[in-house]
Chemist: 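Okay, handing you the structure first.
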Amino acid sequence: MSRARLALTAGVLLLIASCLLPCLPFLDLSGISMPYQDPTPEMLEKQAADITAAEHRLAVHAAIAGALAVIGLAAFIYAWKHRRARKADHGI
């Protein structure tokens with residue numbers, strides 16, 4: 001397997017991972033934020049703390065996903081340029 005093909009595969013996988021990573025804490029946040037029917041003050045405090053923690057996890061996952069997307073895009077561009085240069089050298 002050539003380096004260009006490996007970079008292309010890694011780039012595509014990193015881009016897919018960067019799209020899916022923020023979905024997990026977002027789904028957790030949507031489940032936590034459902035209101036209780038008759039909440040006690042303690043339940044409201046716990047729910048507010050859970051929502052704040054879930055929002056923090058979402059922000060961290062989004063930052064990691066952004067970094068993965070940049071790395072994946074760089075790998076994809078590297079592979080694309082090297083494959084084009086290789087095709088031009090071989091006259092394909």
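Hydrogens, waters and symmetry mates play no part in the numbers below; they use all other heavy atoms, side chains included.
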Chemist: Under 3.5 Å, sequence neighbours excluded: what are the donor-acceptor pairs made by side chains of residues 12-22?
Modeler:
{"from": "S18", "atom 1": "OG", "to": "L14", "atom 2": "O", "distance (Å)": "3.4"}
{"from": "S18", "atom 1": "OG", "to": "L15", "atom 2": "O", "distance (Å)": "2.7"}

Chemist: Report the distance from atom CD of Q47 to atom CD of E42, rounding to the nearest 0.5 Å.
Modeler: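 Atom-to-atom, Q47:CD and E42:CD are 13.5 Å apart.
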Chemist: Quick one: which residue pairs count as a side-chain hydrogen bond (donor to acceptor under 3.5 Å, both in side chains) with a foot in residues 57-77, not counting sequence neighbours?
Modeler: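 Residue pairs with at least one partner in residues 57-77: D28-R57.
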Chemist: Can you pull out every salt bridge (charged side-chain N to carboxylate O under 4.0 Å, His left out) where at least one residue sits in residues 11-26? Sequence neighbours excluded, please.
Modeler: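 Output for this query is empty, none listed.
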Chemist: Just jot down the side-chain hydrogen bond (donor to acceptor under 3.5 Å, both in side chains) partners of K81, sequence neighbours excluded, or say none.
Modeler: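 K81 satisfies side-chain hydrogen bond (donor to acceptor under 3.5 Å, both in side chains) with no other residue.
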Chemist: Only distances under 3.5 Å count here; give the side-chain donor-acceptor pairs of residues 63-77 to other protein atoms, sequence neighbours excluded, each with its distance to 0.1 Å.
Modeler:
none

Chemist: Distance from T40 atom OG1 to K46 atom NZ, nearest 0.5 Å?
Modeler: 11.0 Å
Chemist: Between the side chain of H56 and the main-chain N/O of T52, is any donor-acceptor distance below 3.5 Å?
Modeler: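 No; judged by distance alone, with no hydrogens or angles, the pair does not exist.
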